[in-house]
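Just so it is clear, the structure is predicted and the values come from calculations on it, not from any experiment. So that the names make sense, note that chain A is the first sequence line, chain B the second, and so on, each numbered from 1.
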Amino acid sequence: MSTLAQLGLGFSVALEPANLLFCFIGVFVGTFIGVLPGLGPIAAIALLLPLTFKMAPATAIIMLAGIYYGAMYGGSTTAILVNIPGEAASVVTCLDGYQMARQGRAGPALGIAALGSFIAGTFGVVGLMFFAPVLGAAALRFGPPEYFALTFLGLTLVSYLSRGSVLKALLMAIFGLLLGTIGMDPISGEERFTYGSLTLGDGLGLVPVAMGMFGIAEVLENLAKALRGEVYEKKIKGLLPNRKDWKESFWPIVRGSVVGFFIGILPGPSGAMSSFTSYAMEKRLSRHPEKFGTGAIEGVAGPESANNAATAGAFIPLLSLGIPANIVMALFVGALMIHGIQPGPLFIRNYPELFWGVVASMYVGNALLLVLNLPLIGIWVRVLKIPYAILYPLIFLFCLIGVYSLNNNVVEIFIMVIFGVIGLVLRRTGFEGAPFLLALVLGPMMESSLRQSLLISRGSFSIFFGRPVSAVLMVLGLAFLGTSLIPAFKRKREKLAAEIGD
Amino acid sequence: MKKSSTVTTIVFLAFALGAVIEASKLPFGRMSAPQPGFFPIVLSALLAIISVLVLVEVVKGREEASVAREQMSWKRIGLALGALFAYAFLFEVLGYLVTTFLFVTFLLRVVDRKGWGMAIAVAFSASFVSYVLFGLLLHTPLPAGLLPI
Amino acid sequence: MHRLYKRYGIASALGLVILAVTFFLPVADGAEYPAKTIQIINPFPPGATTDLIARLLTDKLSSLLGQAVVVVNKTGGGGAVGIRAVKDAPADGYTVLVVPPPFALIPLARKGIGYAVSDFTPINFTGNNPAVMVVKSDAPWQTLEQFVADAKKNPGKFTFGTPGTGTSGHFGLELFKMETGTDLIHVPMGGEAPVAAAILGGNIHTSIIALGTVRAHLEAGTLRALAVTAKKRSRAFPDIPTVVEKGYPSIDVSPWFIFLVRANTPPAIVDKLAKAFKEVVGDKDIAAKIEKAGVTVENGGPDEAAKFLAQEHKKWSEVARVAKIGQ
C-alpha cells in the first residue's frame, strides 16, 4: 500500500466521530495543562489513563497524544506572559518572549509560538509518517559515547544563551553541571551532596529551579524597582504577528522544525535540548545577534517550533522499536498494553489502522490546536492589563501551587524560593540563568553517558573518537568551544596591545 | 555593578573550593570504573579555574555593564521574600486555602498598601479559584490543614 | 464524704465513657471505614507497570468501598520519599502503598533510608512479571550454557546492563554472577527502556529484563532470550527454557507488585481492604487487563504476601551480603 493510501486509511480512522471528539478533548486538556505551570502532560495523562481502559486503542492513543502535543502548545503561554517557564522546554522562550510581552507585543509572541508550533507539528507528523522505521533504527546507533558527545556539543552552545561575557556564561554552565550532580549518583546509587534531604536525593528539580530563577526572581526585581504599573507596556501592539514578524520568523520556524524533530527522536530531555539548540542556532545565524534577549521574535519562533517538532519525533522510538523515549511515551506503552498491543518493530505492520489513525489524528489535532489557541491570545493579552500590584501576588501564587503540584512536596517550594533569591542576585551582577539551566538539564545525562562509556571501553577515551557518529559530534563541539572562546582571548590580547601602546 | 560582580565571583570561587573539598570525600575510582566523586571533582576544579578567570575579567573592568544601575527598594523584596518563606513553612500546617488567603492578603495590604476590602476580595477569589482548579479539577492533594475539607 | 463520692462518681463515669470509646472505636472504625478518599501512594513516576496496575484497580475499588480511591505519585529519593510518606501517615487505612521489588531492596542497598519492610502490613500480593535474560539477535550465544561458558573463559569482558545500582536488575546480576561463577561488567543505564535500547544497539551484551519490556522484540526476532528467570515457563513464550531447567533454580528475579498499609493499622481495616483488593484483582475483566500488561496475577492475601516478602527479604539480604551492596 502506498503511503497516500495508508494516510487515507488513517484519516478514515481519525475522522470517526468518537475519535474526533476525543482528539478535541485531548488537545483541549493539553492546552489547559500546558498553560498551568508545574503540572505537565505526565500528570494529566496519568490522571486520564483509567478512562482509556474502556476505549478502543486508537481512540485512547489519539486522546493521550493530543494531551501531549497540546501541552507543548500551551507551555509557552506563561513563559511569554509572566516569565514563568512551566517546563524545561520553555526556558528559552522566556528570554525573548517575555521581553516582547513587556513591550506590548505579547500577542505576536503568542501568535508566532502557536503558528510555529502548528507548522512544526505538521512537519513532525510528515517526518513520522515517512521515516519512522528508518529513523528508529538510526536512533539505536546512539549508545553512551554518542550521548556524551551530544551533551558535550549541546554545552558548547551556552555562549549563545547569554548576552554578557562568554566566560560568565561558561561559569554558569559549569555551576549548573555541578549542581546537577546533587542527588543519587546515576551509576552507583550513592547519595551526593544531599546532606540527609530525601528531596535532594532525586536531584534538584529543573522546574522548581527554573521557576525560581525566572518567575520569582523577575517579580522580586520588579518589586524592588518600584515600577508600579510600568512593568508592561500597556499599549497593545497587535494581536497577531505582522508581515515583518513573519518574514523574520519563517526560516527560524523551518530550521527549528527540522532540528527539533531529529533531536526528539533521541531519548532523554529532548524537548529542552531542541529548544535550546534552536535558540543558539538562530542567534548564531542572525545578522543582529545583539537583539536576542531583548525581544527578538526569532528567539520565540525557532525554539517553540523545535519543541513541538520534538514531540512528534519522540513517537518514533516508541512506534518503531517499542522503546519509550520519556515518561509520557512509557504511559502510552501502558495504555496500549492494556489492550494487548505491544509496540515494537512489528507494530506498524501489525496495526496499520492504529499507526496511521494516530498519525492522521495528529494533523487534525494540530489544526484544532491552532483554532483553539488563536482566540485565546486575546484573553491572555488582556491578563497583562491587570495592574502589576495585583498581578504579582497571583504570579507568585501560580508558581507556588504549580511547583507543589509537581510532586506534592513542600520542600520544592523552598527550593524554588531559594533559587528565586539566587537568581535575583546573579542577574543583578551579570550572570544569566539560561546557560545554568541548560547545564542542569544536560548534566545527569552527560555524567551517566560518560561513565557508561568508560565502563564499556574499560577506561579508554578513544571510544569517543573511534565511532563515527560520536567522533563527528565531538569534533563539532570542540570547534564550537574554540570559536566561542577565541574572541574572548583575542579581545584580551587586543586590549593588552592597546594598553602597551599607551 | 563592578563591586557586586566581584563579590559574586568571589562567592563562586569560595563555593567551588568548598565543592572541591566536599567532592574529594567521595570515592574517585579509576578511569575504567569512575566512581561518584569523579565528575564532581573535575567540575568543581573547573569551576574554580573559571571563577579566577572571570574575577580577572571583572576586576580589569573590561566587561561592558550589562545590568543597568537603578534604585532598588530592598524593603519590598524583604517583605515579599518573607511572605514566600512563610508560605512554604505554613503551607502544610494551616492548609492550602488559609495560607493562600493570608499570603495574598499580606502582599496586597502590607506590601502594596491596598485597602482591606480590595485585598480580601482578591485573596478570597484567588484562593478559591485556584483551589477548584488544582485541588478539585486536577486532583492535586492540597493539604487541608485547619479546614475540614 | 458526700462530695468525695460524687467526685468519684463523675470520675468513674468519665472513665467508663473513655473505656467505652476506646473499646468501641476500632470496631466502629472498621464498620464506618472508609469515610473519606483513600490514596494509593505510588513512590515512582507514572509510566511503569506498578502505576498501571494501581490505576487499573481504582475504579472497581471505589465502587466496592463506596469512597473515591485515587493514585498519587509521590516520587523522590529513588522511591524512599513516597514509602516514608506512607510510613508517617496515620495508621487508619486511608493511605495505601503500592510497590515493586525496590521496596525490599532499598533498605539493603542504602543505609539509614528511614524505613524497614516490617514497618508495613501487606494486603495484596497482586502478581509478578516474569523476566528474561536477553542478547541481541546477532550475538554468538544461542543458549544460556554457551554464554556462561564464554563468560567464564573471558572474565570481565562482557557487559550486563541494569536500570541502576540497587535496583532489582542489579541484584539479579549479582545473583547471576554468584550462581554461575562468571564475572560481568555492570553498566547501569538508568531504566529498563535504555537497557533494551543499548542491547538492541549493540552497546552492551546482555541483561535480565522484564518480559513485558522486550516482548515485541522477542516476537520480531530482534532480541534472543536465553532463559526465563522464573520457576515456570512463560505462557506467551513456551519455547524459552527457565533457569530452573538450566540448573540455576535460585536465579528467580521476577519483579512483583504488592499493596501495603503501614503496620499497626487496625486489623478490621486491613481485613476490609484485603477483601476488597482480593475481589477486585480477582475480577475476570481486571485480571485479564493485568495479564495483558505482562503480569502473572497471583492475587495473594495478606498472609501469602507477608510470607512472600519474608522470602524475598531473606534472599536479597544474602545477595547484598555476598556482593557487598550497600557497604
Side-chain angles (χ1 to χ4, degrees), chain A residues 33 36 39 43-44 47 163-165 167-168 170-171 174-175 177-178 181 185 187-188 190 192-193 216 219-220 223-226 389-390 392-394 396-398 400-401 404-405 408 410 413-414 417 420-421 424-431 447 450-451 454-455 457-460 491-492 495, chain B residues 1 4-5 7-8 12 19 22 26 30-36 38-40 43-44 46-47 50-51 53-54 57 62-67 70-74 76-77 80-81 83-85 87-88 91-92 96 100 103-104 107-108 111-112 114 122-123 126 130 133-134 138-142:
Chain A
I33 287 293
L36 299 174
L39 218 92
L47 207 62
R163 292 178 45 73
S165 122
L167 274 176
K168 279 185 172 174
L170 212 56
L171 182 145
I174 303 288
F175 184 50
L177 286 181
L178 187 58
T181 64
D185 171 28
I187 301 291
S188 77
E190 210 165 310
R192 293 184 299 190
F193 317 117
I216 300 278
V219 176
L220 289 175
L223 275 182
K225 285 182 189 162
I390 293 178
Y392 87 84
L394 303 182
F396 273 160
L397 188 57
F398 224 49
L400 290 167
I401 188 169
Y404 182 76
S405 70
N408 313 317
V410 87
I413 296 185
F414 281 100
V417 176
V421 179
L424 177 68
V425 172
L426 290 179
R427 66 160 70 191
R428 294 305 300 168
T429 50
F431 293 91
E447 177 177 14
L450 172 63
R451 286 169 60 187
L454 290 175
L455 278 170
S457 75
R458 272 164 282 170
S460 161
R491 253 192 300 160
K492 203 172 270 174
K495 169 114 185 177
Chain B
M1 168 66 195
S4 54
S5 206
V7 173
T8 312
F12 265 120
E22 282 295 283
L26 296 166
R30 54 205 147 72
M31 270 309 147
S32 61
Q35 292 292 311
F38 170 71
F39 206 52
L43 289 176
S44 45
L46 255 176
L47 185 65
I50 298 181
S51 299
L53 291 179
V54 172
E57 187 182 70
R62 207 173 31 75
E63 194 210 358
E64 60 279 22
S66 55
V67 181
E70 281 152 309
Q71 199 57 46
M72 300 281 279
S73 153
W74 296 105
R76 273 154 63 96
I77 288 197
L81 269 178
L84 285 168
F85 277 112
Y87 188 95
F91 190 63
E92 281 180 334
Y96 175 75
T100 304
F103 175 74
V104 179
L107 287 180
L108 289 173
V111 182
D112 273 304
K114 295 270 183 252
V122 173
S130 59
L133 203 66
F134 282 87
L138 295 173
H139 296 272
T140 301
L142 299 167

Qualifying residue for side-chain contact (heavy atoms from CB on, under 4.5 Å) with B/L46, from A/I174, A/L177, A/L178: A/I174
Would you mind telling me which of B/A33, B/A80, B/P141, B/A19 has the largest number of heavy-atom pairs within less than 4.5 Å of chain A? B/P141
Between A/L424, A/I216, A/I390, A/I187, the one whose heavy-atom pairs under 4.5 Å with chain B are most numerous: A/I390
Pick one of side chain, backbone, both or neither for A/L171, based on which atoms fall under 4.5 Å of a heavy atom in chain B. both
Heavy-atom cut-off 4.5 Å, strictly under: side chain, backbone, both or neither for A/L47 against chain B? side chain
Among B/A126, B/P40, B/A123, the residue with the most heavy-atom pairs under 4.5 Å to chain A is B/P40
B/T140 side chain to B/L142 backbone, donor-acceptor under 3.5 Å: no
Does the pair B/F12 and A/F431 meet the rule for a ring-ring contact (aromatic ring centres under 6.0 Å, His included), with working shown? CA-CA 11 Å; B/F12 265 120; A/F431 293 91; 5.2 Å; yes
Heavy-atom distances under 4.5 Å only: say whether A/T181 touches chain B with side chain, backbone, both or neither. side chain
Please tell me if the side chains of B/Y87 and A/L397 come closer than 4.5 Å, counting only heavy atoms from C-beta onward. yes
Is the shortest heavy-atom distance from the side chain of A/L400 to the side chain of B/F91 under 4.5 Å? no
Working to the nearest 0.5 Å, report the span between CG of B/L84 and CD1 of B/I77. 11.0 Å
Select, from A/V421, A/V417, A/L170, the one with the greatest count of heavy-atom pairs under 4.5 Å involving chain B. A/V417
Heavy-atom distance under 4.5 Å to chain A: side chain of B/L47, backbone, both or neither? both
